[in-house]
Number of protein chains: 2
Amino acid sequence: MTVRQDIHNSDIPVLCQACEARHHGVCGALDPNKLVALAKTSSRRQVDAGTELIGDAEAIHSYANVLSGVVKLTKTLSDGRQQIVGLQFAPDFFGRPFRAESAINAEAATRVSLCSFPKAALERIMKESPGLQGRLLGQTLKDLDAAREWMVTLGRKTAAEKIASFLLLIARNIDRVSDPNMRTAAFDLPLTRNDIADFLGLTIETVSRQLTKLRADGVIRIENNRHVVVVDISRLEARAGS
Amino acid sequence: MTVRQDIHNSDIPVLCQACEARHHGVCGALDPNKLVALAKTSSRRQVDAGTELIGDAEAIHSYANVLSGVVKLTKTLSDGRQQIVGLQFAPDFFGRPFRAESAINAEAATRVSLCSFPKAALERIMKESPGLQGRLLGQTLKDLDAAREWMVTLGRKTAAEKIASFLLLIARNIDRVSDPNMRTAAFDLPLTRNDIADFLGLTIETVSRQLTKLRADGVIRIENNRHVVVVDISRLEARAGS
DNA sequence: TCAATTTCTTGATTTCGATCAATCCGCGGT
DNA sequence: ACCGCGGATTGATCGAAATCAAGAAATTGA
């Protein structure tokens with residue numbers, strides 16, 4: 001153990017001071033000492049949309065916090081059919097503690113900025129900070145809840161309901177609509193129509209048609225193919241099935 | 001800390017000695033002292049198929065190891081559409097560490113025997129045994145992998161592939177077919193046709209038709225509606241998509 | 001600025017699985 | 001044994017989404 005010393009706010013690594021993950025993400029469990037230790041080995045980087053972050057069945061050497069942008073996790077069948085099995089928004093943690101058994105593929109869906117650190121560094125600090133393990137468990141449980149919620153959407157909802165559910169998911173994560181009396185939302189879609197289809201288990205044509213229908217019915221407006229304005233959130237919710 | 005004392009095998013609670021969870025489940029992380037402490041508060045019980053174990057949005061007061069049988073986790077839309085979002089086989093741990101946010105419903109799919117302990121007892125021991133937290137994280141990651149694997153099945157596979165995938169899942173968990181050169185498998189279906197439909201995002205009629213087709217093609221045999229003999233596992237795998 | 005290419009939309013047709021509708025089978029009870 | 005009932009199978013028809021097929025719109029690059 002190092003000798004306990006005075007920790008001023010200025011001792012918090014510059015890198016971390018303005019970081020959202022510092023408070024809400026996994027780093028929130030670390031005291032300044034540990035944070036300094038981790039920050040020494042960590043590095044920020046920006047990657048363009050389409051960059052592969054973890055290849056299928058690849059060994060994983062690092063973990064990362066998503067600081068901005070959206071990362072998509074995909075699985076692919078041998079004949080090319082693809083399914084997005086998770087989306088990570090800031091300030092989600094992502095990477096696989098221990099084993100990399102399930103063949104998963106992580107790719108930047110938008111331009112993404114990451115704060116990544118080597119697997120070994122995190123695991124060492126984890127042994128000393130039980131709180132960190134708890135945060136990791138918390139993130140994993142959150143991912144599990146999201147996955148199960150989506151299983152209902154995939155298995156039991158109609159195409160129209162799937163699209164509405166998807167738009168709500170994005171609105172809640174990008175535009176942070178948690179306030180229930182917020183009537184409207186606006187955001188850029190982080191996914192292409194193809195990605196949306198792969199997320200919803202639909203074809204690109206069906207996605208397009210359902211978006212057109214929502215637009216025709218005045219529930220949303222679409223500008224430049226990417227920017228979506230939800231005119232009335234409760235009307236969208238009514239179409240999402242629940 | 002208690003003084004370290006000699007621990008004989010006989011000090012392991014009788015309840016735990018023959019328990020599978022003792023080695024492979026969460027209890028494997030506990031030393032005999034901790035095991036005794038936990039065993040004091042735990043109790044075995046058997047429940048019939050159909051028994052509700054955790055109600056939708058109900059507060060959770062206990063955790064459990066599944067010792068035998070199958071527990072199904074379901075989510076239901078307001079209009080009654082249902083989706084099974086997870087199956088827990090022995091010796092899975094089940095229950096929700098912390099928060100019970102996601103509205104999930106757990107029900108015994110078959111006759112089930114459980115070893116359950118109060119939430120508080122487990123959480124207290126968890127603070128002292130970092131290994132236990134790790135096991136819990138491991139179980140959660142395993143559940144997450146399973147959920148994501150199933151998302152591919154729900155979103156991208158045909159009805160025929162879904163049924164084949166389901167039978168393989170059961171064969172691997174009930175008959176423990178992990179040995180890749182095992183050519184055949186046999187088991188009782190732990191789910192009714194209705195449950196299978198809810199697990200696969202299909203209707204009961206489609207499930208029935210696909211099972212009939214597999215039978216007609218000589219891939220499986222069905223006896224008494226419940227007992228399934230997989231004649232050739234590799235032929236079943238070929239139909240599961242991958 | 002203007003091809004060139006990719007991404008998205010829209011339309012026509014087909015198909016797979018849902019729905020509707022009878023049976024059929026297995027099982028427990030009297 | 002017989003009935004009665006819930007669960008399962010089978011058949012006929014329908015419909016939602018997939019597939020096939022052009023185009024239109026946006027983005028890229030020279």
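Just so it is clear: chains get the letters A, B, ... in the order the sequence lines come, proteins before strands, and each one is counted from 1. FYI, side chains are in, hydrogens and waters are out, and symmetry mates aren't considered; it's all heavy atoms of this structure.
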Touch class at under 4.0 angstrom, heavy-atom based, for B:Thr212 against every strand present: sugar-phosphate
Carboxylate-amine/guanidinium proximity below 4.0 Å for A:Arg239 and A:Asp217: yes
Given C:dT19, D:dT9, C:dG17, the nucleotide with the shortest approach to the side chain of B:Ser208: D:dT9
Ring geometry between A:Phe117 and A:Phe93 (parallel below 30°, tilted from 30 to 60°, perpendicular above 60°): parallel
Separation of D:dG6 P from B:Asp195 CG (nearest whole Å): 17 Å
Atom pair distance, as rounded to whole Å: CG in B:Asp48 and C1' in C:dG28: 15 Å
Residue A:Thr192, side-chain atoms from C-beta onward, closest of C:dC8, D:dA17, C:dC20: C:dC8
Pairwise distance OG(A:Ser62) to CZ(A:Phe94) - rounded to 0.5 angstrom: 7.5 Å
Sugar-phosphate only, base, or nothing, as touched by A:Leu211 at under 4.0 Å among non-hydrogen atoms: nothing
Side chain of B:Thr206 - closest among D:dT10, C:dG17, C:dC8: C:dG17
Donor-acceptor pair (no angle test) under 3.5 Å: B:Arg226 side chain, D:dG7 base: no
Most 5' of A:Asn225 and A:Arg156 on DNA chain C, judged by nearest nucleotide: A:Asn225
Nearest-angstrom distance from the residue atom NZ of A:Lys213 to P of C:dG11: 14 Å
Length of the CZ-P vector between A:Arg81 and D:dA18, whole Å: 13 Å
Candidates C:dT19, D:dT9, C:dT9 - which lies nearest the side chain of B:Thr203: C:dT19
Side chains of B:Arg111 and B:Gln46, donor plus acceptor under 3.5 Å: yes
B:Glu205, nearest nucleotide to its side chain (from D:dC20, C:dT19, C:dG17): C:dT19
Heavy-atom donor-acceptor pair, B:Gln210 side-chain to C:dC16 base, under 3.5 Å: no
Whole-Å distance separating the CD1 atom of A:Ile204 from the P atom of D:dA22: 18 Å
Between C:dT9 (P) and A:Ile196 (CD1): distance, integer Å: 9 Å
Separation of C:dT9 P from A:Asn224 CG (nearest whole Å): 12 Å
Polar pair under 3.5 Å, donor/acceptor by atom type, side chain A:Arg209, base D:dT19: yes
Length of the CG-P vector between A:Asn194 and D:dA26, whole Å: 19 Å
CG-CZ distance between B:Leu211 and B:Phe166, expressed to the nearest 0.5 angstrom: 8.5 Å
Nearest-nucleotide pick for B:Arg215, side chain only, options being C:dG17, D:dT10, C:dC8: D:dT10
